[in-house]
Amino acid sequence: MINSEKIKIGTCIRMDGQIWTCIDFQHRKPGKGNTVMICKLKNVTTGRVLERTWQIGFKLEDVRIERRPYQYLYKDGEDYIFMNQETFEQAPIAKEAITGVDYMKENDIVEVVTDTTDGTILFAEMPVKTVLLVAHSEPGIKGNTATNATKPATLETGVEIRVPLFINEGDKVQVDTRDGSYLQRVTE
């Protein structure tokens, strides 16, 4: 059991027979009354997000989780096959359970979260930043740089993002896997 005030981002709890992970939290002290804990929770299996409020000291059932690095190997039908970096065992993970799946390429290392009680895989997370090659992009128009103008670019994984006009085919760019935003050009 865990007290409601101990919940932080990434904490997993069991509620209504399902596993939820905290994606945001806030302590709030109203003018009158006791301090409350407001948590934004995401269902691990369905992806549904909801907000719950508890009094400080409220007991919740916590889920012991383990985070381990897994390497993405290949796609098999609707599942993505990963290999545990420590035991070399392979495990399939559904597309819906992977955060940032559109920006994932073969041999990428992701963090897989498992329930320690029965070893089931809850979800997988791509790193927040990843470097990808621009596979296709139209040339930028010279003189059109007075504003923060952007153009579409297709990355090596097939996903399309908006990039600045100076990005060309063959350039490597850093992308935020949470929202697909361009961060910077990478020179190696």
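Just so you know, these numbers come straight off a predicted model, no measurement behind them.
With Met37 as the partner, the side-chain contact (heavy atoms from CB on, under 4.5 Å) test is satisfied by one option alone out of His27, Arg52, Arg28, Gln26: His27.
Taking the six-membered ring where the residue is Trp, Phe82 and Tyr72 present tilted rings, their angle falling between 30° and 60°.
Follow the hydrophobic side-chain contacts under 4.5 Å out from Ile7 and you never reach Val36; the two are in separate clusters. The hydrophobic cluster containing Ile81 does not contain Ile98, counting ILVMFWY residues as joined when their side-chain heavy atoms lie under 4.5 angstrom apart, directly or transitively. Hydrophobic cluster membership differs between Tyr74 and Val110, with clusters built from Ile, Leu, Val, Met, Phe, Trp and Tyr side chains linked at under 4.5 angstrom. Both Ile2 and Leu41 are assigned to one and the same hydrophobic cluster, defined by single-linkage of ILVMFWY side chains at heavy-atom distances under 4.5 Å. Both Val175 and Ile167 belong to a single network of hydrophobic side chains, linked directly or stepwise wherever heavy atoms of I, L, V, M, F, W or Y lie under 4.5 Å apart.
Contact annotation: the side chain of Val101 never approaches that of Met126 to less than 4.5 Å [non-hydrogen atoms, C-beta and beyond]. Residues Val134 and Lys172 fail the side-chain proximity criterion, which asks for heavy atoms closer than 4.5 Å. Counting heavy atoms from C-beta outward, Lys40 and Phe25 have side chains that stay 4.5 Å or more apart. Counting heavy atoms from C-beta outward, Tyr80 and Met104 have side chains that approach closer than 4.5 Å. Side-chain contact between Val173 and Leu155 is present, with at least one heavy-atom pair separated by less than 4.5 Å. Looking at heavy atoms from C-beta onward, Ile109 lies in side-chain contact with Gln85 at the 4.5 angstrom threshold. Within the 4.5 Å cutoff, side-chain heavy atoms of Cys39 are placed close to those of Trp54. Residues Thr157 and Leu132 are in side-chain contact: their nearest non-hydrogen atoms beyond the backbone lie under 4.5 Å apart.
Summarising the geometry, atom CZ belonging to Phe58 is positioned 12.0 Å from atom CD belonging to Glu5; distances are rounded to the nearest 0.5 Å. In this structure, the separation between NZ on Lys42 and CZ on Arg48 is 13.5 Å, given to the nearest 0.5 Å. Atom CD of Glu169 is separated from atom CG of Leu133 by 9.5 Å, given to the nearest 0.5 angstrom. Annotation: the span from Cys12 atom SG to Ile65 atom CD1 amounts to 4.0 Å, rounded to 0.5 Å. Expressed to the nearest 0.5 Å, how far NZ of Lys59 lies from CG of Asn3 amounts to 4.0 Å. Ile9 contributes atom CD1, which lies 9.0 Å from atom CD1 of Ile23 (distance to the nearest 0.5 angstrom).
Annotation for Tyr70 and Ala91: closest pair CE2-CB, 4.4 Å, computed over non-hydrogen atoms. Minimum interatomic distance between Ala94 and Asp79 (heavy atoms only, all atoms of both residues): CA-OD1, 3.7 Å. Considering all non-hydrogen atoms of both residues, Asp24 and Cys22 come closest at O-SG, 3.4 Å. Of all non-hydrogen atoms in Thr35 and Pro30, the two that sit nearest each other are CA-CD, 4.4 Å. When all heavy atoms are compared, the tightest approach of Ile93 to Val112 is CD1-CG2, 4.0 Å. For the pair Val63 and Ile13, the tightest heavy-atom approach, listed with the atom from each and the gap, is CG2-C, 3.7 Å.
Of the possible donor and acceptor atoms, none in the side chain of Thr177 sits under 3.5 Å from a partner among the backbone N and O of Tyr103. Side-chain N or O atoms of Thr87 include none that pairs as donor or acceptor with a backbone N or O of Asn84 at under 3.5 Å. Judged by distance alone, with hydrogens and angles left aside, the side-chain atoms of Ser4 form a donor-acceptor pair with the main-chain N or O of Gln55 at under 3.5 Å.
At most 12 heavy atoms of other shown residues, nucleotides or ligands fall within 6.0 angstrom of atom NZ in Lys6. Around NZ of Lys129, the count of heavy atoms belonging to other residues, nucleotides or ligands within 6.0 Å does not exceed 12. At most 12 non-hydrogen atoms from other residues, nucleotides or ligands lie less than 6.0 angstrom from CD of Glu78. The 12-atom threshold is exceeded at CZ of Arg67, counting heavy atoms of other residues, nucleotides or ligands nearer than 6.0 Å.
For the 3.5 Å distance criterion, the side chains of Asn107 and Gln71 qualify, holding a donor opposite an acceptor. Thr150 and Arg162 share a donor-acceptor pair across their side chains, judged by distance under 3.5 Å alone. At a cut-off of 3.5 Å, with distance as the only test, a side-chain donor of Ser137 or Lys151 sits close to an acceptor on the other residue.
Classification of Arg68 and Glu66 as a salt-bridged pair holds, one side-chain N sitting under 4.0 Å from a carboxylate O.
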Discussion item. Working note: Gln18 + Asn43, criterion side chain to side chain donor-acceptor pair (under 3.5 Å); need CA distance, chi angles, decisive distance, verdict.
Written reply: CA-CA 7 Å; Gln18 296 183 329; Asn43 190 312; 2.6 Å; yes
Practice prompt. Evaluate the criterion salt bridge (charged side-chain N to carboxylate O under 4.0 Å, His left out) for residue pair Lys75 and Glu106; output intermediate values, then yes/no.
Written response: CA-CA 9 Å; Lys75 184 176 178 182; Glu106 287 184 7; over 6 Å; no
Discussion item. Set out, in order, the CA-CA distance, both residues' side-chain angles and the distance that settles side-chain contact (heavy atoms from CB on, under 4.5 Å) for Glu61 and Met15, then state yes or no.
Written reply: CA-CA 7 Å; Glu61 183 182 350; Met15 183 175 69; over 6 Å; no
Item to complete: Using the side-chain contact (heavy atoms from CB on, under 4.5 Å) rule, take Asp115 and Arg14 through it: C-alpha gap first, then chi angles, then the decisive distance, then the call.
Response: CA-CA 11 Å; Asp115 184 350; Arg14 191 177 310 274; 3.6 Å; yes
